[in-house]
Q: 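Structure provided below as structure tokens; questions to follow.
Source: prediction; values computed, not measured. Values reported hereafter were calculated over all heavy atoms of this structure, with side chains retained and with hydrogens, waters and symmetry mates removed. Chain letters run A, B, ... following the sequence lines, proteins first, then strands; residues in each count from 1.
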Number of protein chains: 2
Amino acid sequence: MRWILPSERLPEAWFNVVPELPAPLDPPLHPGTRQPVGPDDLTPLFPMALIGQEVSSDPWIDVPGEVLDVLRMWRPTPLVRARRLEEALGTPARIYYKDESVSPAGSHKPNTAVPQAFYNKQEGVARLTTETGAGQWGSALAFACALFDLDCKVYMVRASYEQKPYRRVMMETWGATVEASPVDEPDHPGSLGTAISDAVRDAAGRADSHYSLGSVLNHVLLHQTVIGLEAKEQLALAGEERPDIVIGCCGGGSNLGGLALPFVPDRDVDLLAVEPSSCPTLTAGTFDYDFGDTAGTTPLLPMYTLGRDFIPPPIHAGGLRYHGDAPIISNLVKSGRMRATAYPQGKVFEAAVQFARTQGTIPAPETGHAVRAVIDEALRAKEEGRERVILFGFSGHGLLDLQAYDDFLGGRLDQG
Amino acid sequence: MRWILPSERLPEAWFNVVPELPAPLDPPLHPGTRQPVGPDDLTPLFPMALIGQEVSSDPWIDVPGEVLDVLRMWRPTPLVRARRLEEALGTPARIYYKDESVSPAGSHKPNTAVPQAFYNKQEGVARLTTETGAGQWGSALAFACALFDLDCKVYMVRASYEQKPYRRVMMETWGATVEASPVDEPDHPGSLGTAISDAVRDAAGRADSHYSLGSVLNHVLLHQTVIGLEAKEQLALAGEERPDIVIGCCGGGSNLGGLALPFVPDRDVDLLAVEPSSCPTLTAGTFDYDFGDTAGTTPLLPMYTLGRDFIPPPIHAGGLRYHGDAPIISNLVKSGRMRATAYPQGKVFEAAVQFARTQGTIPAPETGHAVRAVIDEALRAKEEGRERVILFGFSGHGLLDLQAYDDFLGGRLDQG
């Protein structure tokens, strides 16, 4: 069963959680002076509209009409009740998922790629640079740049560039140029941190170019709140007063934030972040100021971090292999408003395959983390004989990650 | 702009075009006796419910509730107005597409895979066999068998088996077993015809198994008519009285039939089949009785054919590489109710990339054929200064066909 809102019910304002946070959000610091960064520090990289959103404390921020027009190409996305999964588990829990895999790029990432491309175009920027790991974000920005007629340069972690040629082809089909990172060390497998350094360096060095980030920052999470805003309205259509728990996988935090932030004011809704055991930022990291990239070129962000030099093992959920976490997510976890848990990838793929065989859609490995936690919550509800309403974010499909499923089904997957 | 119907507007009966055909449909013949085949000839391969549908002349046939429940996982599918493509072309035409790429398997194929799995399950069959070329059909049947707890064996054309490992992984993720065909000639690249022979031979030899076909037959096209029935209702919502032309790519004919058959009674709606120049069944074949497979194990079907020994060149639109065509489609073309046209694949990929860069979604190579014809119709409307309403079938996405895009963008595509 699916609940789909008509086009005109697409949220026309983004929800800004900042005024609702349990504790004030610490500002990003300049790495040299350790003073809060100002707009002047950021204008070489971002348009003023996004810098304004990054520091805004307005509770709602209007979505421009041109952005709405593009989002309506696939939004509102469906809210789906996972009845077949419920039946397979024999759980009294009612499981709903918000299906962000229906976007042209196959994930939630275009929700922020589109406004970022729009604001840059509006301020006369001709070219955007970015990094991509698993490829979801690079694909989304390539798609958005095609629609707004911007050039797009994607620095792709070399290991992915070589192992996932189809992600590169997808970006090139939308007109982007893709280069393996690090650009100056052809034998280095690369990491998200090195690719960010390459992309920032490129944009900072060219007057026609800006840089675009697909997660972590406040304005990125802000753009993603359309997910949770729609889900609230759809749950009401489904006859649910509220979810008992909201679950999302968490790498940089944009997918989880997009779904969960609109529920922050609803104090009795449990919020759960799911991350890989091999990159346990929220569950085993420390809360501190740290750089967003490996080279130390970004401002210092207040977040849970494993250290900017942390190189996660090459697990298949590349979108979750990040040493830090969004300051907003870190704030919520630190204050106790959000919980976090971690799973090894073997258990994740077990859950992802069970989902595919009951609900049809094959989850991205990142999404599989949320599915794992959902199944465990539903089984707990069964043990306890409790009705529970579970809402989770189906952040993306796994059609460009089938190598990982082949490894799992063939018994070749590192279980860790 | 998209028009989406609520779940309860999913059509509850399939439209049977047979009573509306301009000329009576010739029956399939037994290859030995050349007499019309009877149910007894077909029961080793198909359940009675499908045999009944194959020969029915009822104008409407009810969709079972269990089938509706599954189809509602992704249906009704969106009708989308391709405004950005219209703008890029500067055409006065209004272009709408019915987006079948949103199914879990990524194409229209599950519309018939689901009822076929259901009827077989209902009659106590434990296992289905089938063939697949490009992989769209095999994926759809693997998905449907997972939902109805049936074993599934897919014979995959060896060339595709080796070149498209991700399609195989997709089927295996849903629990199917996949084997390269022909099974007894490991050096043979295979063809759809040889794979059909392998699958039929397997099913005929085992009491627990039936065979399932993804196109060509009357019951397959019948199941696909949900596409056109929904599109009619959605066009009305969009304020259109009727389309001037309905366009679909055509291999065996199930995608085109699904969209176009409900428009057959609307005499002023032009119907257009689009096929590859390299496998020009409707535009250069002869209308005759021919076998559905290479080995000559199937009944003889009245259809346009290039001869069952015709081996099409290895173009990327594997789903269109079939020597014959559905008897229903052949009947419509022969009587003049439907037109056909053919395009070389270089022109097809040019159109597919233009679609991806304006509308976002990357078309399957098969779907690209329809897009090519749509663009040419829209440009003709521009030349003639005529408003035209164009409806086409977006039969599937190309996310598992990105190698073809890489070849095109890299200048390595055979243009023919």
Q: Measuring from B/T358:OG1 to A/W174:CH2, what's the distance to the nearest 0.5 Å?
A: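 Reported value, rounded in 0.5 Å steps: 12.0 Å.
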Q: With chain B as the partner, which of A/R84, A/R72, A/R83, A/E172 has the greatest number of non-hydrogen pairs under 4.5 Å?
A: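 Going by pairs under 4.5 Å, I would pick A/R84.
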Q: Highest number of heavy-atom pairs under 4.5 Å with chain A: which of B/R167, B/M170, B/Q359, B/H397?
A: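 Heavy-atom pairs under 4.5 Å are most numerous for B/M170.
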Q: Do B/T361 and A/W74 have side chains that approach each other closer than 4.5 Å (heavy atoms only, starting at C-beta)?
A: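 They are not in contact (no side-chain heavy atoms under 4.5 Å apart), so the answer is no.
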Q: Rounded to the nearest 0.5 Å, what separates atom CD in A/Q403 from atom OH in B/Y166?
A: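 Between A/Q403 CD and B/Y166 OH, I get 4.5 Å after rounding to 0.5 Å.
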Q: Taking ring-ring contact (aromatic ring centres under 6.0 Å, His included) as the definition, give me every residue that meets it alongside A/F355, ordered by chain and number, with sequence neighbours left out.
A: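 ring-ring contact (aromatic ring centres under 6.0 Å, His included) check on A/F355 returns A/Y97, A/F394.
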Q: Between B/R81 and chain A, with a heavy-atom cut-off of 4.5 Å, which part of the residue counts as in contact: side chain, backbone, both or neither?
A: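 B/R81 has no heavy atom closer than 4.5 Å to chain A.
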Q: Do A/R2 and B/M73 come within less than 4.5 Å of each other through their side chains, counting heavy atoms only?
A: no
Q: Tabulate, in ascending numerical order, the residues of residues 143-150 of chain A having at least one heavy atom closer than 4.5 Å to a heavy atom of chain B, or enter 'none'.
A: A/F143, A/A146, A/L147
Q: Which atoms form the tightest heavy-atom contact between B/G360 and A/P104, and what is the distance?
A: C-CB, 3.7 Å
Q: Looking at A/D406, A/V70, A/D99, A/L399, which one has more heavy-atom pairs under 4.5 Å with chain B than the rest?
A: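 Option with the greatest count: A/D406.
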Q: Heavy atoms only, distances under 4.5 angstrom: which of A/L400, A/V353, A/L409 has the most pairs with chain B? Name it, please.
A: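 Of A/L400, A/V353, A/L409, A/L409 has the most heavy-atom pairs under 4.5 Å with chain B.
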Q: To the nearest 0.5 Å, what is the distance between CG on B/D69 and CE on A/M1?
A: 9.5 Å
